[in-house]
Each structure stands twice: as structure tokens, then as C-alpha cells.
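Computed over heavy atoms, backbone and side chain alike; hydrogens, waters and symmetry mates excluded.
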Amino acid sequence: AYAERYGRQLAVYAAAARGEGLHVRAGYLHDLNEGERSHVDVGQVATAEAITTLTKAVKQIRAGEYTARPEKSKCEGCDYRRICQHSCAS
């Protein structure tokens, strides 16, 4: 679940690092609360998909499109869950 939540973010960071000339071979997320480490795909395909998703989201934000897409797994980790009228977090 931790990698699902932050994996795309790490893939974007890997793409940015490559854009700065760094050689990125692997990506890992460390969940300090659980003491776990998860491998994250930061290959060319994964980073390209993450950049495409990010670009689409930025375009929607700029256009004022903020359609709620509540999902229990996402809502439970959202910082706005207590005040969001669409939240399905318990």
C-alpha cells in the first residue's frame, strides 16, 4: 500500500534526476513506521507513465477541474479526509 501511494511520486523524482544528468538505477521507499522497504519501478516506461499522469493532472488543475474520485484506500491516507464532503474514509 505504501508503494502504491508514493511510487508514482518516486518515479517522477527519478525522471527529474535523470533530467539533471544523474544515473538512476533503482528506487526504494522506506516505511519508517513499519520498518519495511519496497522496491519501486523507476524504469523508463514507469517514469514516462508517471510523467504523463502528472502532466494530465496539472492540466486539469489549471483548467479548474477538481472532480472528486473517492476511493476508500485513497481517502484513508488523505490529509483532507476529515473535512472533505466526498471522503469515504472511516
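With sequence neighbours excluded, the residues satisfying side chain to side chain contact (heavy atoms under 4.5 Å, CB included) with Ser38 are Ala3. By the side chain to side chain contact (heavy atoms under 4.5 Å, CB included) test, Ala14 is found to be paired with Arg18, Val24, Val42, Thr47, residues two or more places apart in sequence or in another chain being considered.
Hydrophobic cluster of Val45: no remaining members, since no ILVMFWY side chain lies below 4.5 Å from it. Other residues sharing the hydrophobic cluster of Ile51, ordered by chain and number and joined by side-chain separations under 4.5 Å: Val12, Leu54, Val58. Cluster partners of Tyr80, by chain and number: Ile83. The rule joins Ile, Leu, Val, Met, Phe, Trp and Tyr whenever side-chain heavy atoms lie under 4.5 Å apart. In this structure, Leu32 shares a hydrophobic cluster with no other residue, the cluster being traced through Ile, Leu, Val, Met, Phe, Trp and Tyr side chains under 4.5 angstrom apart.
Here the closest non-hydrogen pair linking His86 and Pro70 is O-CB, 3.2 Å. Closest non-hydrogen pair, Ala11 versus Ala46, comes out as CB-O, 4.2 Å.
Each ring pair (Phe, Tyr, Trp, His ring centres under 6.0 Å) pair with one or both residues in residues 7-53, not counting sequence neighbours, appears once here: Tyr28-His39. Sorted by first and then second residue, the pairs that involve residues 58-72 and meet salt bridge (charged side-chain N to carboxylate O under 4.0 Å, His left out), not counting sequence neighbours, are Glu71-Lys74, Lys72-Glu76. Within the structure, the salt bridge (charged side-chain N to carboxylate O under 4.0 Å, His left out) test picks out no pair touching residues 19-38 (sequence neighbours left out).
With a 6.0 Å radius and a threshold of 12 heavy atoms from other residues, nucleotides or ligands, Arg8 has its CZ atom at or below the threshold.
With rounding to the nearest 0.5 Å, the separation of NZ in Lys56 from CD1 in Ile61 is 12.5 Å.
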